[in-house]
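Notes for the one structure printed next.
Chain letters run A, B, ... following the sequence lines, proteins first, then strands; residues in each count from 1.
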Amino acid sequence: MRIGNFEYVVPGSIQEACQFLLEHGADARVFNGGTDLVIRVRDGHWNPKYLVDIKRIPELKELSYDDVNGLTIGATVTLNQLGSLEVVYRQYPVLIEGAHVVGSLQVRNRATLVGNICNASPLADTAPALLVYEAQVQITGVTGERLVPVQEFFVGPGKTVLQPGEIVTKVIVPPIANSEGKYFKHARRKAVDLSSIGVAVLVIGKDGNHVDEVRLALGAVAPTPVRAKRAEALLKNATVTPELLEQVKEAVASDISPISDIRASKEYRLEISGVLAKRGIAEILGWE
Amino acid sequence: MKVVGKRVKRVDAIKKVTGHAKYVDDMKFHGLLHIKIVRSPHAHALIKNIDISKAKELPGVEAIITGKDFSNTTGLYMADRTVFAIDKVRYYGDAVAAVAAQTEEIAAQAVKLIEVEYESLPGVFDPVEGMKDDAPRLHENMHEYSHAVFIHPVPHTNVSEHFKLRKGDIAKGFAEADHIFEQEFSVPMVHHVPLETHTTVARMGLDDQLEVITSAQSPFAVRQLLGTIFKMPLNKITVKAENIGGGFGGKAGLQIEPMVVAMALTLPGKYVRLTYTREEEFQSAVNRQGLRAKYKTGVKNDGKIVAQEITYIWDAGAYNDYGVNIVKTAGYSCSGPYEIDNVKADSYCVYTNHPVGCAYRGFGMCEIHWGIEQHLDTIAEKLALTPVEIRLKNGLKDGSLTVTSEKLQDVGYLKCVERAAELIEIDKKAAPSKPYKRRGKGIAGGYKGPSTPPAAASTAIIHLLEDGTVNLSISATDMGQGAFTALAQIAAEELGVDFDKVHVCTPNTDYTPYEWQTVGSRTTYSAGNAVIRAAQDAKQQLIAFAAEDFGLNSADLYVEDGMILSKVDASFKKQIQDYAMGLVCSNGSGKGGPVIGRGVFIPEGVTNLDFETGQGRPVNHWTFGVHGAEVEVDIETGEVEVIRMASVFDVGKVINPATAEGQLEGGLIQGLGTALMEEMIMKDGKLLNPSFVDYNIPTSEDCPEIITEFVETPLHDGPYGARGIGEPAMIPAAPAIANAVYDAIGVRITSMPITAEKILMALKEKEAREKGAN
Amino acid sequence: MKTYRVSFIINGRKQVMDVPANMTLLDLIRDELDLTGAKCGCGGGECGACTVIMNNNPVNSCLVLAPEVDGAEIITVEGLVKNAELDKIQEAFIENAALQCGFCTPGMIMSAKALLTKNPHPTEKEVRAAISGNLCRCTGYKKIVEAILAATTK
């Protein structure tokens, strides 16, 4: 069965892509990994006249790391390609854990990290990691470039700050020292499922039970992926105790605003988010 | 034995691993037209008008048909449906009209241009509500519907079948009991999820010969039912069914074929095809009925069950053409594999405005054992008995009387109980992997017979070819369960030829002989017996020719390794191909003719059951088995991990260990899926999870370690003693997991599936109760 | 409808075609090249029955658009048979009875092929992860996992 009715456009450069997207507005869509887009077009949710395949633009394929700028992930780098850079496992474990639980292996061979965040799904598995690493999103438009912190990139379900004619060219994840992290995905089955809740935990400056800082970010519990700011405040320069973790658990619930859907109820999300946050910190501190 | 019991390679393996096996949607047809269906966006509504004028004008549209074009009723056991809905729609997704067009895209576009005017009606979305006097009625004319003699609809209600079982004296039984336990359980509608969706091709020849190529389990049932609907002589219908991408009951009887045939009749000379999308499959193909189960059980202090009163209320969906017989089967199997002297059961099939229920692996047994086996553990705990003890105390054994008062023989159930408990090491409790996790173990048993009408027949033909090779002609289908391989093994064994000499001719109603249906785990038993008889018939012909040729006594001759040999003369040796084409005399003249073995089988002694009491002999044999489960439950998140499972079934005789293990493993995991994650989530009749995104089935990472083992208590009239196994393999998996969860955390989840959320809620309730108690 | 010239390698042979933009790779191989081993089980990248190997990686061919294959190398299950000899994974599936209805089998085998090409000696855990995007409703996966592990010793 044919999917939609559109023309296939292959721009040779970022500028060409932006120009085309600007000219055609809502009629044109960026075609990157396509693992969500093809389904939306198939189901008639989107009816683009043009798909702009950016996968042949050389600059967008960059995947690199240096100690000054950190990790650069070009727009067309697939979730599985992320793992080709060994430093990602070492420096950004939360990110690799998040990337490796998106869809199936087959999907991850096509889907990109940038595509994952551009869909702005509240439950995107890579988003909590990017939030705790405080990544920057580089956006290019016809008139130039801008750098947006990832926490400002998401506006609502399916909505980002991207303007007509703009594309995300790369995500930059700053270097981070002395950190340990984890990503917990809660889903109905063990593989290839959408997250009911995603929790990223990053502990910075651990010394025994003392921590300089803990960053917590959650998916599927609010209109956008969110940082749990109240809970994080409790853990600033703190000595972690079981009692403190109970407070953290309660604070996490106050930081989020989940809804009930067929994957989980609001009450369940409120409960489990704190449990997983608590568990992540305890595991990183070597308690369990 | 030389072939039976051996791990021979599947006869369909090479074509399946190379991608050469052609499924219906893989086939190419010149000028093929594509069908798309117009479906109801209401769960219950009157059809006021259908306007096809715009769609008709769309270039590439070849035909549009609606309910009025084909008004005949149909249904396997209850003639409650038409090809398309005519006056009203009864579920969200009910078929209203069909378009055939040159491409799928045009057909889909035309569907959108068809304007159907509906008048919405109040619906029935709960079977218990549906039984009430003031409930909206789905089938106002049910009392006029024709149905099988063994089905008992309640006129002027939504109850399409009320099966009654009365054994012993229930009042006396409860009076004798030291304890009475009452419990309720529920099972949601779940989906078969064959990887291949429903798909059918048809062409009405200009010579009036109808050709149907379909992914169907039972080509002869398709032929017969199509003949009835379209009033065609059966020899004018050819049905072919070769490769089937999974059935599990969902492709039994008649499914999408009438819609495709209706279109073929409208467009003579043209091939038309309908293949469901996955979303259409979930919403509009058949499913497993939902169940509300209620048990009241009287027990002596020693654990002996003396009385049981059961109510089964089935959420059967909008059409119950098949479902009525599941409800009956649940009724005559109501107490599970246990001997209880006094039983009263009522099983009701209730029309609801939900998608259509149908046969699904287990035919009601998975659903009822979910409650039976958990209820039993509940009783055992209260009486301080172990799960093994209570099952050994009450389990069916040789000489037991079933709930229909059938006296049993050759029952291996207790052996299965003991062995499954041993394999799962039920007495050893392993330490949990984390402080916030708990481990538990559980077992559950189950039984099932082939739930067919009493006189369901099988046939087989064996053609001996010129070179001594064999064509085995059967119409049992292979939807993956391995029927072709097992039947070829039986043919080779009985005929005395090498396994690789046997070729299986796949079902085509023109050329392969009658088979009632490939359902009910009946194929190895029923078709297997027919194959044995066909082989014996062929052997007798060979021996008769050899005896005449050499003036020997045919009683002295036998066939082995492709040779005719003599018991009395070791030097006598003739190849079977010498007589394959008949006897050629020394003067060159011929006698007899080519050897064609004919075998027929019908199970004898099965009867219709008494209408008032349900007593009688409902099935030709029973298969028993037990699952054991070990789980780990996260008490902070409610997540359940199944660590390992054991499956022990009494199959009578293993025909092929590899394919039989495959049945145990596959059935177990299908049961695990229903236990933990599967459910058709509906709101006012609309399915909220009609795709793999939100209807999850187990992946390779969800599967525990699996241990399988067979018990072999031969069935006196089974082929080499074999019993059916396909369906039984799934039955006790879900309650075994539920019992293990209870063992781990002391919380019983009575509504399937056992989700993390239900566990967490139940744990919190338990905690609150215990706090309250202190 | 506008078409796009694509030149690619399919099962070791060069192919040049003109394809519309809205055709999937799955339809291209099934309808245009008659390679019907890959199946459509869902059309949404959820079941894996359409898995083929594209540039050494397993992908859901139902989510790849035909014009994208320009310059790519594609292997389908039909491409595993060389001179009428089955691939060792196919042999192992037969020997281990690792198939039932057969509908998921071609996709499953392609996922296994991609795995063993990159990682000739995977652990059971790695095997299970590699095929977790391929749904099988019949087997319970046990024999499939055993077959893939058996193929590593051939």
Side-chain angles (χ1 to χ4, degrees), chain B residues 7 9-10 12-23 25-28 105 192-197 243-248 275 277-279 478-482 485 656 658-659 661-670 672-673 691-693 697-703 705-706 708, chain C residues 22 30-31 34-49 76-81 86-87 89-110 125 127-145 147:
Chain B
R7 225 170 255 272
K9 291 175 188 170
R10 291 179 64 108
D12 53 355
I14 291 176
K15 67 177 182 177
K16 284 179 174 174
V17 301
T18 52
H20 290 187
K22 290 283 180 195
Y23 298 77
D25 204 52
D26 297 337
M27 298 175 188
K28 302 278 193 289
E105 294 74 30
H192 302 75
V193 196
L195 258 287
E196 176 202 40
T197 60
N243 293 301
I244 300 162
F248 313 109
T275 300
T277 63
R278 179 56 61 185
E279 288 69 23
D478 199 324
M479 63 202 96
Q481 83 281 36
T485 308
N656 183 332
T659 52
E661 284 162 11
Q663 287 304 296
L664 292 196
E665 292 158 10
L668 182 88
I669 295 305
Q670 203 162 1
L672 178 144
S691 78
F692 281 134
V693 176
I697 66 170
T699 71
S700 53
E701 295 197 80
D702 294 289
C703 297
E705 177 196 347
I706 302 172
T708 59
Chain C
N22 62 356
R30 285 176 56 83
D31 298 345
D34 204 17
L35 298 168
T36 56
K39 305 284 186 257
C40 182
C42 70
E46 295 283 338
C47 76
T76 71
V77 72
E78 290 88 349
L80 296 188
V81 178
L86 270 54
D87 186 274
I89 299 172
Q90 293 171 313
E91 293 282 4
F93 268 60
I94 296 171
E95 282 161 20
N96 289 274
L99 61 127
Q100 288 188 30
C101 86
F103 202 78
C104 76
T105 309
M108 195 70 82
I109 287 175
M110 296 316 287
K125 201 163 177 260
V127 170
R128 286 191 180 269
I131 60 166
S132 62
N134 294 80
L135 295 178
C136 170
R137 189 56 151 174
C138 299
T139 64
Y141 304 100
K142 186 178 180 199
K143 294 197 184 314
I144 293 174
V145 172

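In this structure, chain C has no heavy atom under 4.5 Å from any part of T277(B). Contact of A658(B) with chain C is made through backbone and side chain together, with heavy-atom distances under 4.5 Å. Heavy-atom distances place both the backbone and the side chain of K143(C) under 4.5 Å from chain B. When heavy atoms are compared at a cutoff of 4.5 Å, L86(C) approaches chain B solely by way of its side chain, counted from C-beta outward. Using a 4.5 Å cut-off between heavy atoms, I14(B) contacts chain C through both its backbone and its side chain. Of the two parts of I244(B), only the backbone, made up of N, CA, C and O, holds a non-hydrogen atom closer than 4.5 Å to a non-hydrogen atom of chain C. Residue contact with chain C, scored on non-hydrogen atoms closer than 4.5 Å, is absent for E705(B). For K15(B), no part sits under 4.5 Å from any heavy atom of chain C, backbone or side chain. With a threshold of 4.5 angstrom between heavy atoms, D25(B) approaches chain C through its backbone and through its side chain.
Between I94(C) and K16(B), the closest side-chain pair of non-hydrogen atoms is not below 4.5 Å. Taking 4.5 Å as the limit, some side-chain heavy atom of R10(B) sits within range of a side-chain heavy atom of Q100(C). Within the 4.5 Å cutoff, the side chain of K39(C) has no heavy atoms near those of the L195(B) side chain. Contact of the V77(C) side chain with the T18(B) side chain is not registered, since no non-hydrogen atoms from C-beta on lie closer than 4.5 Å. P194(B) has its side chain out of reach of F103(C): every pair of non-hydrogen atoms, C-beta onward, lies at least 4.5 Å apart. Put simply, the side chain of T139(C) does not reach to within 4.5 Å of the side chain of E665(B), judged on heavy atoms. Counting heavy atoms from C-beta outward, I131(C) and E701(B) have side chains that stay 4.5 Å or more apart.
At least one donor-acceptor pair under 3.5 Å links the side chain of Y141(C) to the backbone N or O of P698(B). Side-chain atoms of R278(B) do not come within 3.5 Å of backbone N or O of G44(C) as any donor-acceptor pair. Looking at Q90(C), its side chain does come within 3.5 Å of a backbone N or O of V17(B) through a donor-acceptor pair.
In terms of heavy-atom pairs under 4.5 angstrom with chain B, the leader among I144(C), T105(C), L99(C) is L99(C). Considering only heavy-atom pairs separated by less than 4.5 Å from chain B, the leading option among P106(C), A97(C), G41(C) is G41(C). Between chain B and the residues C40(C), A38(C), A129(C), the most heavy-atom pairs under 4.5 angstrom are made by A129(C). Top candidate by heavy-atom pairs under 4.5 Å with chain B, chosen from E91(C), K142(C), R128(C), R137(C), is R137(C).
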